[in-house]
Amino acid sequence: MTNQTTLIIALLALISPDVAAAEQHAGPPAATVITNVDVISGHLDQVQTNRDVFIKNGKLCAIVPAGTVENMCDVSDYQVVDGSGKFLIPGLIDSHVHLGHNPIINRAKAQEYEHLIDGYKRQLPRSYLYHGFTSLIDLDYSAERNAWPADAEHVPSVYHCGRGVRVAGGYGPAFVPPHIAHRVFPNLVYEDSHKDTWPVELDPAAYTVEAAVDRVLKSGAICLKTYVESGFGGTFDWPVPSAEILLQLAAEAHNHGLVFVVHANSADAWNSAVDAGADVIAHGMWHWEGARTDPNLTGSARLAISAAANAGVAVQPTMRVVEGERSTLTWDLLDDDRLEHVLSRNLRSFLESDEGRWSQREMIELYREHNPDPQTTPASLIESSINRASASMAEFHAIGGKLLFGTDTPAQDGPGNPPGLNGYLELESWARAGIPLAEIFRSATVENARMFGLEARIGTIEAGKRADLVLLNSNPLQDVKAYNDISLVILDGEPIERRDLSADD
């Protein structure tokens, strides 16, 4: 820094402990310096203390020891952020979201509650940013359903897998009337073994593996997702892609540089994903043989976990899928003060009404209808799934498996997976399961970036990368609660006060 800039920094630090502007900027600042901050980044062996971090035109320009007397980045006028006593980390990456799904409003009454749906969509990007998630990967994306509102001021970067590749009558299409299933889930692949469920309107010749992958590529995707889901541990009996189709999808995806992601949450499905050459398994494991209320890992579950780890397949444990079901069953998140930052007052009032509990009633009915043992309650089944998911994640980690941070937000209807907050709750779940804090940090930053080919843009604090950063008041390598102790979110170089992103703002 020049002496003049040093003086500006000193004077402006007296004005505000967090953000001090050298002048009024119309829009994002051209340049920012974060002074005297401790830098935590996955490419470093240790925390870099007392650094000045320079940002120019939305990119990281230089990271140097604090007080370096040099004009960094050929800029003389910086907006200044005082980072004294704080910790700077890369913006967090959630590599498993579904932005087009509003879980709060019953879709059958969408027109009646259009104002609440609109409010949810407008707050959605802010809710992710409020919790430090500056980049998201949507695993079943279409621009028509999932894009941010056109007039949104601050939004996370979104990468995606295009529309998921499915089989007719399988997971997804099974939930909607057959005559419209192919419109709701258009990226189908044809197999002779599933011809009885094939839509008569569609020409099978147009739904080859090559055509499915081509549709994904044309959407601008960085990954391809398919589903090995036969019915949630025996609750349903759905068709799944054959081993041959899975191998073809993997080969075609890899030929085009796409990351191959497979939805799988059972021991059998994990084996199918591994055999097909999946890069990522998009769930933890909570289904295997035996009594559904027995949380203990069986021999076959351990073998599937070992096979995935040995094959180098990365896993998104998505603990909040099953924990979110418990939250919908108990409705306990309505008493959590943190909810006010991600859902508007109107939405929270709706959830407190009888109509707002529609998702709770539907979930309870579903469990009762498909539970073969009437003595087993939905609560006990969900609790067993949570314990299984935690045990399988701990086992996978213990034998050297690679974990990727993803939440599957929102995994189901109801308030169980609130956007943004769900990510923080997932971080807490990993810590409770015994995953070391350093690995949690890496999984939500550099490891996600590397797996999805984004490491040249995001994931670490290095010169040349996009300046998506989070300034924390405490150290996330010492306490997972630091992720909810955010001072500022810096998006594309622009510092944003956390309170300005709150739904209660």
Side-chain angles (χ1 to χ4, degrees), residues 1 5-6 8-41 48 50-64 66 72-73 75-93 125-136 148 152-157 341 420 445 457-476 482-503 505:
M1 284 176 288
T5 305
T6 303
I8 290 172
I9 291 172
L11 291 174
L12 292 175
L14 298 175
I15 299 173
S16 168
D18 287 327
V19 181
E23 59 180 312
Q24 293 296 319
H25 292 273
T32 298
V33 57
I34 307 167
T35 61
N36 301 306
V37 72
D38 290 353
V39 174
I40 304 175
S41 180
Q48 286 188 336
N50 296 319
R51 289 302 192 266
D52 288 345
V53 177
F54 291 82
I55 299 166
K56 177 183 177 182
N57 296 328
K59 290 184 181 276
L60 287 157
C61 182
I63 301 95
V64 297
M72 293 296 170
C73 313
V75 176
S76 60
D77 184 20
Y78 292 95
Q79 179 178 9
V80 180
V81 173
D82 182 5
S84 300
K86 295 180 172 61
F87 300 85
L88 189 69
I89 66 170
L92 300 176
I93 305 168
R126 291 157 50 96
S127 295
Y128 279 107
L129 291 173
Y130 182 87
H131 287 90
F133 291 96
T134 59
S135 295
L136 309 171
W148 300 126
E153 182 179 6
H154 301 299
V155 299
S157 297
H341 297 298
T445 55
R457 307 179 196 177
I458 57 174
T460 57
I461 300 178
E462 297 180 85
K465 293 195 175 182
R466 181 179 163 105
D468 289 345
L469 309 163
V470 184
L471 188 63
L472 302 174
N473 293 314
S474 48
N475 188 343
Y483 291 105
N484 199 34
D485 190 14
I486 294 173
S487 173
L488 287 173
V489 175
I490 300 164
L491 185 68
D492 196 23
E494 179 180 2
I496 307 167
E497 294 278 0
R498 191 188 197 197
R499 61 178 176 267
D500 293 338
L501 298 165
S502 170
D505 177 43

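- A donor-acceptor contact shorter than 3.5 Å is absent between the side chain of R126 and the backbone of A503.
- Under 3.5 Å, the side chains of N50 and N36 contain no donor-acceptor pair of N or O atoms.
- Checking S474 against D485 by side-chain atom types alone, a donor-acceptor pair falls below 3.5 Å.
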Checklist entry - Are F87 and V39 close enough, and set up right, to give a side-chain contact (heavy atoms from CB on, under 4.5 Å), and what steps lead you there? => result CA-CA 6 Å; F87 300 85; V39 174; over 6 Å; no
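- Across A31 and D77, no two heavy atoms sit closer than the pair CB-O, 3.9 Å.
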Next on the checklist: Show, in sequence, the C-alpha distance, side-chain angles and deciding distance for V81 and T35, and conclude whether the side-chain contact (heavy atoms from CB on, under 4.5 Å) test is met.
Outcome noted: CA-CA 6 Å; V81 173; T35 61; over 6 Å; no
Next on the checklist: Set out, in order, the CA-CA distance, both residues' side-chain angles and the distance that settles side-chain contact (heavy atoms from CB on, under 4.5 Å) for E494 and V489, then state yes or no.
Outcome noted: CA-CA 8 Å; E494 179 180 2; V489 175; over 6 Å; no
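- Using a 4.0 Å cut-off between a side-chain N of Lys or Arg and a carboxylate O of Asp or Glu, D38 and R51 do not qualify as a salt bridge.
- The local environment of CD in E153 is sparse, with at most 12 non-hydrogen atoms from other residues, nucleotides or ligands closer than 6.0 Å.
- Between H341 and Y130, the two ring planes are parallel [angle under 30°; tilted spans 30° to 60°].
- A distance of 4.0 Å separates CD1 in I458 from CD1 in I93, rounded to the nearest 0.5 Å.
- For the atom pair NE2 (H154) and CD1 (I496), the distance works out to 4.0 Å, reported to the nearest 0.5 Å.
- From I55, atom CD1 reaches atom OG1 of T32 across 5.5 Å, with rounding to the nearest 0.5 Å.
- Here the CH2 atom belonging to W148 is positioned 10.0 Å from the OG atom belonging to S157, to the nearest 0.5 angstrom.
- With I461 as the fixed residue, the side chain to side chain contact (heavy atoms under 4.5 Å, CB included) test singles out one of L469, T445, V37: L469.
- To the nearest 0.5 Å, atoms CD1 (I40) and CD (Q48) are separated by 11.0 Å.
- Side chains of N473 and I486 form no contact here, defined as non-hydrogen atoms less than 4.5 Å apart.
- In this structure, the side chains of L88 and V470 stay at 4.5 Å or more apart for every pair of heavy atoms.
- Considering NZ of K465 and NZ of K59, their distance stands at 11.0 Å, rounded to 0.5 Å.
- Using modelled atom types, no side-chain atom of K86 and backbone atom of L471 make a donor-acceptor pair closer than 3.5 Å.
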Next on the checklist: L501 vs Y128, test: side-chain contact (heavy atoms from CB on, under 4.5 Å). Steps then yes/no.
Outcome noted: CA-CA 9 Å; L501 298 165; Y128 279 107; over 6 Å; no
